[in-house]
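Quick note on labels: first sequence line is chain A, next is B, and so on, each numbered from 1.
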2 protein chains.
Amino acid sequence: MIDPHSGVPSYHQVADRIRAQIDAGELAPGEYLLTEPAMEHVFGVGRATVRRAIDILRNEGRVVTTRRGTQVRERQPRVAEVVMGPGVRATTRMPSDLEKRAMSLGPGVPVFVVERPGQEPEVLPGDRVALVGHDEQGEGGSTSS
Amino acid sequence: MIDPHSGVPSYHQVADRIRAQIDAGELAPGEYLLTEPAMEHVFGVGRATVRRAIDILRNEGRVVTTRRGTQVRERQPRVAEVVMGPGVRATTRMPSDLEKRAMSLGPGVPVFVVERPGQEPEVLPGDRVALVGHDEQGEGGSTSS
DNA sequence: CGGTATTTGTCCGTATGTATA
DNA sequence: GTATACATACGGACAAATACC
């Protein structure tokens, strides 16, 4: 299954395998992956390798892990749209730890940074917000749920 | 220095310490952090803990690691602005592995997904692109360098 | 050009703690 | 109460890239 001497790191191969299963729909959103000990056995690798692989998928925002196990992340509905009025500028980056806690962001979830002229930059959760261009001379920046 | 019994995980404390140094400017962009063995000694923790801490900062996009060591990430200039015309919608997420390679994205760098009516979604590097609202009835979507 | 030292990368094993079922 | 499963943390070993002399 996993070849440690193929040039590609084992944890990478394991992550690729699981990612493929998710993309193929074999692992549906909400469904639990195998447990870590089970993966050790199935893939023939050590615990650290399994955990590293899961780490990758977590940092890609594709799975979430609780004490019960690791499950495929449910798609988050975008509950808010931010209108990009004239002069508004938006960038994206990963949140700091503080921001993560403040906005209850899962791992692997980036944030939007929206800058309006003469105002402090606003940091918004990247998994629940979408940015949209304004229609006409919109006032710019209203957050509609 | 690091208290393993404070409730906060050691790797977390180490990451916080380094992050604070970066934010305070004690570690300037481009500058190398201590080597991993040096950190082991300074913080009094094992290598796994040190590496885990650096992992966090990498996934936050704050440091980059090469075989020479780990250095504070240089600020990336935004070389492209995408105009958000009417009907244009943008979201953000972490890139897949393929996208990462295709766009030469470092770790901890998210992507923009820009959707225009009747077109395929466009994936843009989150560290070099900014989204801006259009002034008047802009054509929407021109990428100016 | 070659060799050595440094530094990170990969991988394994073990142990303990803690939340959940 | 017991068993399961993940979280944290330590340690060691070897490989591979890089820098320096």
Side-chain angles (χ1 to χ4, degrees), chain A residues 1-18 27 30-73 97 100-101 104 106-108, chain B residues 1-18 27 30-73 97 100-101 104 106-108:
Chain A
M1 294 290 191
I2 299 299
D3 177 15
H5 305 101
S6 72
V8 181
S10 301
Y11 65 82
H12 209 305
Q13 295 180 47
V14 173
D16 286 347
R17 200 78 75 76
I18 300 171
L27 286 169
E31 191 170 345
Y32 280 91
L33 311 190
L34 296 178
T35 67
E36 292 176 3
M39 287 191 197
E40 285 185 59
H41 182 262
V42 168
F43 294 115
V45 297
R47 180 96 189 264
T49 303
V50 167
R51 288 182 63 76
R52 184 98 188 256
I54 297 174
D55 255 0
I56 291 179
L57 299 173
R58 240 199 315 269
N59 284 323
E60 289 177 0
R62 311 193 62 138
V63 301
V64 290
T65 300
T66 65
R67 294 282 178 163
R68 272 204 53 199
T70 300
Q71 48 190 154
V72 180
R73 192 156 192 268
D97 233 60
K100 227 164 165 177
R101 279 195 295 274
S104 307
Chain B
M1 292 287 192
I2 300 298
D3 177 15
H5 305 101
S6 71
V8 182
S10 301
Y11 66 82
H12 209 308
Q13 295 179 48
V14 172
D16 287 346
R17 200 79 75 75
I18 299 171
L27 286 168
E31 190 170 347
Y32 280 92
L33 311 190
L34 295 177
T35 67
E36 292 174 5
M39 287 191 197
E40 285 185 58
H41 182 261
V42 168
F43 295 115
V45 298
R47 180 151 184 221
T49 303
V50 167
R51 289 182 62 77
R52 183 100 188 252
I54 297 174
D55 254 0
I56 290 178
L57 299 173
R58 240 200 315 269
N59 285 322
E60 288 177 1
R62 309 192 64 136
V63 301
V64 290
T65 301
T66 65
R67 294 282 178 150
R68 272 204 55 196
T70 299
Q71 48 191 154
V72 180
R73 193 156 192 267
D97 233 59
K100 228 166 169 174
R101 279 194 295 273
S104 307

From C:dA21, C:dC12, C:dA19, nucleotide with atom closest to A:Ala48 side chain: C:dC12
Separation of atom CD in A:Glu40 from atom P in D:dT4, rounded to whole Å: 15 Å
Min side-chain heavy-atom separation A:Val50-A:Val14 under 4.5 Å: no
Test item: B:Gln71 and B:Val64 side chains (from C-beta on) under 4.5 Å apart, heavy atoms: yes
Residue B:Arg51, side-chain atoms from C-beta onward, closest of C:dT10, D:dC6, C:dC12: C:dT10
Watson-Crick/G-U partner (both atom distances under 3.5 Å) of D:dT2: C:dA21
Minimum-distance nucleotide to B:Val45 side chain [options: D:dA9, D:dC10, C:dT7]: D:dC10
Atom-pair distance (CD1 on B:Ile56; P on D:dA7), nearest Å: 13 Å
Separation of atom CD in B:Gln13 from atom P in D:dA9, rounded to whole Å: 8 Å
A:Arg52 side chain, from C-beta outward: closest of D:dT8, C:dT10, D:dA7: C:dT10
First of B:Arg68 and B:Ser10 reached from the 5' end of DNA chain D, by closest nucleotide: B:Ser10
Pairwise side-chain contact, B:Gln13 with B:Phe43, heavy-atom cut-off 4.5 Å (strictly under): no
Listed nucleotide nearest any side-chain atom of B:Arg67, set C:dT8, D:dC10, D:dA7: C:dT8
Earlier contact from the 5' end, DNA chain C, for A:His12 and B:Glu36: B:Glu36
Separation of D:dA9 P from B:Asp3 CG (nearest whole Å): 10 Å
N/O (side chain, A:Thr49) to phosphate O (OP1/OP2, C:dC12) under 4.0 Å: yes
Sub-4.5 Å side-chain heavy-atom contact between A:Asp97 and B:Glu60: yes
Sugar-phosphate, base or nothing in reach of A:Arg47, heavy atoms under 4.0 Å: base
Euclidean distance, atom OH of residue B:Tyr32 to atom C1' of C:dT8 [Å, nearest integer]: 12 Å
Length of the line joining B:Phe43:CZ and D:dA9:C1', which is rounded to integer Å: 16 Å
Minimum-distance nucleotide to A:Pro9 side chain [options: D:dA9, C:dT8, C:dC11]: C:dC11
B:Val63 to B:Arg58 - nearest heavy-atom pair and separation: O-CG, 3.6 Å
Integer-rounded Å distance: C:dG13 P and A:His41 NE2: 13 Å
Nearest-angstrom distance from the residue atom OH of A:Tyr11 to P of C:dC11: 7 Å
